[in-house]
2 protein chains.
Amino acid sequence: MRLTAKGRYAVTAMLDLAVHDGEGPTSLADISERQGISLSYLEQLFAKLRRSHLVKSVRGPGGGYQLTRAASSIYVAQIVDSVDEIVDATRCAGRANCNHGETCLTHELWSDLSSQIHQFLSDIDLASIIAKREVRERAARQHMKRDDLIRMPAEEVEA
Amino acid sequence: MRLTAKGRYAVTAMLDLAVHDGEGPTSLADISERQGISLSYLEQLFAKLRRSHLVKSVRGPGGGYQLTRAASSIYVAQIVDSVDEIVDATRCAGRANCNHGETCLTHELWSDLSSQIHQFLSDIDLASIIAKREVRERAARQHMKRDDLIRMPAEEVEA
DNA sequence: CAATAACCAATCTAATTAGTCGGATATTAC
DNA sequence: GTAATATCCGACTAATTAGATTGGTTATTG
């Protein structure tokens, strides 16, 4: 598992798509505009996302991309995996003395950790990222109400 | 949080150090040999690890590096942070229309996720990675005992 | 003093990342 | 049917990062 800018762009774009889910197709031009990612780069990312069946496309005017399934069924690990293709990680495959020697121990430790990280990201779906934020915002508003409502100008309290 | 080959090398090297902890200083030449990472690249990584006070060095013959504290007090996130310096992630800082517009929502969603990942890696220490493996190995041996002990030569069962 | 090994900096190359360009194809609206 | 939209596609380029190389200096040990 690796987590680079490429994966970040992909997750960001998919979150944008999830936020606008149910409003019809979202064009890459819109995502490009909103997220500050170049259109052609998005095209490359979405080619991979489409091949991984995470999004489907609608061509022509008014077209764009849509999630293939509910945001609650799309997991971060799937997104990262589809754009950030994995490298062989261990650098150990070719070396003869490495199989089950002491040398190999550390490689296995790394791959254990790596799969833990992967598992972690496999449990986080797009909908829950969005939901978590809504909960936090509600909590913040409640907190603000209790503590600062009286002292603060009304327009700063209301959201 | 990003997780690249650089961070992987650093974690691998630190795991190697942790495995050999208590045997006196471990030289970079040894790690280089065992893990297949070039000596000069290790030097660059360990310069950063030392600046982050994760390792201390002993110069001269028989010298090398040692963990500054118990492996159970060194966390993966600390290692990754010290070598894989963070970029500004959002690409939103400079854009005027982004602050609290709809555009910024997705950026915040990403940064929420990013801090979740960071938190996750902040909870995993080197000792537990090693321990987890030992537990798994013991379990594998137990399983083997129950199923195959009678049929297998003794020297392959005992470790 | 000779060997070892950390320390340091600059430089180079290879690989990857990020973004560009010029199209082709499908779809819609007029 | 044609003009506009927007996906699709491949090749190309610029910039950054990864990793290697070189050529040392300094500290420690025997």
Side-chain angles (χ1 to χ4, degrees), chain A residues 2-13 17 20 24-68 80 82-89 91, chain B residues 2-13 17 20 23-68 80 82-91:
Chain A
R2 54 197 220 124
L3 201 47
T4 68
K6 199 175 195 172
R8 187 177 69 236
Y9 282 144
V11 172
T12 299
L17 220 54
H20 296 91
T26 302
S27 74
L28 295 189
D30 286 354
I31 298 178
S32 172
E33 166 85 12
R34 282 194 291 260
Q35 306 303 331
I37 308 169
S38 87
L39 177 59
S40 55
Y41 197 52
L42 282 173
E43 284 181 354
Q44 289 174 35
L45 295 178
F46 274 78
K48 293 185 177 189
L49 293 170
R50 195 168 61 91
R51 266 178 240 127
S52 303
H53 308 291
L54 294 175
V55 297
K56 59 190 169 196
S57 61
V58 179
R59 299 177 76 157
Y65 287 91
Q66 284 174 305
L67 302 180
T68 50
V80 172
S82 75
V83 299
D84 253 347
E85 61 281 349
I86 18 74
V87 280
D88 72 334
R91 200 79 243 106
Chain B
R2 53 195 222 128
L3 201 48
T4 66
K6 197 174 194 173
R8 188 177 68 236
Y9 281 143
V11 172
T12 300
L17 221 54
H20 295 91
E23 303 173 12
T26 302
S27 74
L28 294 188
D30 285 355
I31 298 177
S32 171
E33 166 84 14
R34 282 194 291 259
Q35 305 303 331
I37 308 169
S38 87
L39 178 59
S40 58
Y41 197 51
L42 281 173
E43 283 182 353
Q44 292 171 35
L45 295 178
F46 274 78
K48 294 185 175 189
L49 293 171
R50 195 169 61 91
R51 268 177 238 128
S52 304
H53 307 290
L54 293 175
V55 299
K56 59 191 167 191
S57 61
V58 179
R59 299 175 74 152
Y65 286 91
Q66 283 174 306
L67 302 179
T68 50
V80 173
S82 74
V83 299
D84 253 346
E85 62 280 351
I86 19 76
V87 279
D88 73 333
T90 53
R91 200 77 244 111

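Predicted, not measured: the structure shown is a model, and the values here were computed from it. Numbered from 1 within each chain, the chains take letters A, B, ... in sequence-line order.
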Which nucleotide, D:dA20, D:dT7, C:dG19, lies nearest any side-chain atom of A:L28? D:dT7

Rounded to the nearest angstrom, tell me the gap between atom NZ in A:K6 and atom P in D:dT16. 17 Å

Give a yes/no answer on whether the side chain of A:Y41 brings an N or O atom under 4.0 Å of OP1 or OP2 in C:dG19. no

Below 4.0 Å: OP1/OP2 of D:dC8 and any side-chain N or O of A:S57: yes

Using a cut-off of less than 4.0 Å, is there contact between a side-chain N or O of A:T4 and OP1 or OP2 of C:dT16? no

Using a cut-off of 4.0 Å on non-hydrogen atoms, how would the nucleic acid contact of B:F46 be classed: base, sugar-phosphate, or nothing? nothing

Measure all distances between protein nitrogen or oxygen atoms and nitrogen or oxygen atoms of nucleotides 25-29 of chain D, and list the pairs falling under 3.5 Å.
unit_1 : atom_1 : unit_2 : atom_2 : d
D:dT26 : O2     : B:R59  : NH2    : 2.5
D:dA27 : O4'    : B:R59  : NE     : 3.4

Got a list of side-chain donor-acceptor pairs under 3.5 Å for residues 48-60 of chain A, not counting sequence neighbours?
unit_1 : atom_1 : unit_2 : atom_2 : d
A:K48  : NZ     : A:E85  : OE1    : 3.3
A:S52  : OG     : A:K48  : O      : 3.1

Given atom CG of B:D30 and atom C1' of C:dA5, what is their separation to the nearest angstrom? 11 Å

Proximity to the side chain of B:Y65 - top-ranked nucleotide from C:dT16, D:dG19, C:dC7: C:dC7

To the nearest angstrom, the CZ-P distance between B:R2 and C:dT17 comes to 10 Å

Could you state the CZ-P distance from A:R8 to C:dT17, rounded to the nearest angstrom? 12 Å

Which protein N or O atoms sit under 3.5 Å from an N or O of nucleotides 8-10 of chain C?
unit_1 : atom_1 : unit_2 : atom_2 : d
C:dC8  : OP2    : B:R50  : NH2    : 3.1
C:dC8  : N4     : B:E43  : OE1    : 3.1

B:I31 and side chain to side chain contact (heavy atoms under 4.5 Å, CB included): which partner among B:L39, B:L17, B:L45? B:L17

Quickly work out the B:L39 CG to C:dA6 C1' distance and round it to whole Å. 10 Å

So, does B:Y9 get its side chain near the phosphate of D:dT17, meaning an N or O under 4.0 Å from OP1 or OP2? no

In whole angstroms, how far is the P atom of D:dT17 from the CG atom of B:D84? 11 Å

Expressed in angstrom and rounded to an integer, what is the separation of B:L45 atom CG from C:dA6 atom C1'? 15 Å

Could you check how far CG of B:L42 sits from C1' of C:dC7, rounded to whole Å? 14 Å

Please report the closest heavy-atom contact between A:G7 and A:V83, naming both atoms and the distance. CA-CG2, 3.9 Å

